Asks: 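Here you go, one structure.
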Amino acid sequence: MRDEQDPTPLRYDQTGLRGRLARVLVEEPTDEIDWPADLPAGIETVVILDDGPNPHHTLRVHPPGDPTRVALVVFDQLALCEDLPEA
């Protein structure tokens, strides 16, 4: 059994994120102006579409298996899923 650690949020200058799975760290993810992201309620994992956060500190993401549902989420509401394969 492995030790559970709190996931580390993404950094504002992090790159190499495109196609990676990320864990959602908040109950209701939001965009840069605090509007709710267009994601299913209770979502825990998303696929990142951008290589890194944009100047507004958001990333385009979508639910796994639903690439048509793209949403903007502030970078520090996400952490890389180190224990899951890439999408």
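Because the structure is predicted, anything quoted here is derived from the model rather than measured.
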Asks: Of all heavy-atom pairs between Ala22 and Cys81, which one has the smallest distance, and what is that distance?
Replies: C-SG, 3.4 Å
Asks: Does Arg60 offer a backbone N or O that forms a donor-acceptor pair with the side chain of Asp50 under 3.5 Å?
Replies: yes
Asks: Hey, does Val47 have a side-chain heavy atom less than 4.5 Å from the side chain of Leu21?
Replies: yes
Asks: So does Gly16 get a backbone contact from the side chain of Asp51, meaning a donor-acceptor N/O pair under 3.5 Å?
Replies: yes
Asks: Not counting sequence neighbours, list each pair that qualifies as a ring pair (Phe, Tyr, Trp, His ring centres under 6.0 Å) and has a residue in residues 21-65.
Replies: His57-Phe75
Asks: In a check of side-chain contact (heavy atoms from CB on, under 4.5 Å) between Leu78 and each of Leu17, Leu25, Val46, which one passes?
Replies: Val46
Asks: Grab the two heavy atoms, one from Thr45 and one from Val24, that are nearest each other, plus how far apart they are.
Replies: N-CG2, 4.2 Å
Asks: Check for a donor-acceptor pair, side chain of Glu28 on one end and backbone N or O of Pro36 on the other, with a separation under 3.5 Å.
Replies: no
Asks: Give me the atom names and distance for the closest heavy-atom approach of Gln77 to Val26.
Replies: OE1-CG2, 3.7 Å
Asks: Applying side-chain contact (heavy atoms from CB on, under 4.5 Å), name anything that partners Pro40, two or more places apart in sequence or on another chain.
Replies: Ile43, Pro63, Arg69
Asks: Hydrophobic clustering (ILVMFWY, side-chain heavy atoms < 4.5 Å, transitive) - are Leu72 and Leu59 grouped together?
Replies: no
Asks: Where do Asp66 and Thr68 come nearest, in terms of heavy atoms and distance?
Replies: OD1-OG1, 2.8 Å
Asks: Taking side chain as C-beta onward, heavy atoms only, is Leu10 less than 4.5 Å from Leu80?
Replies: yes
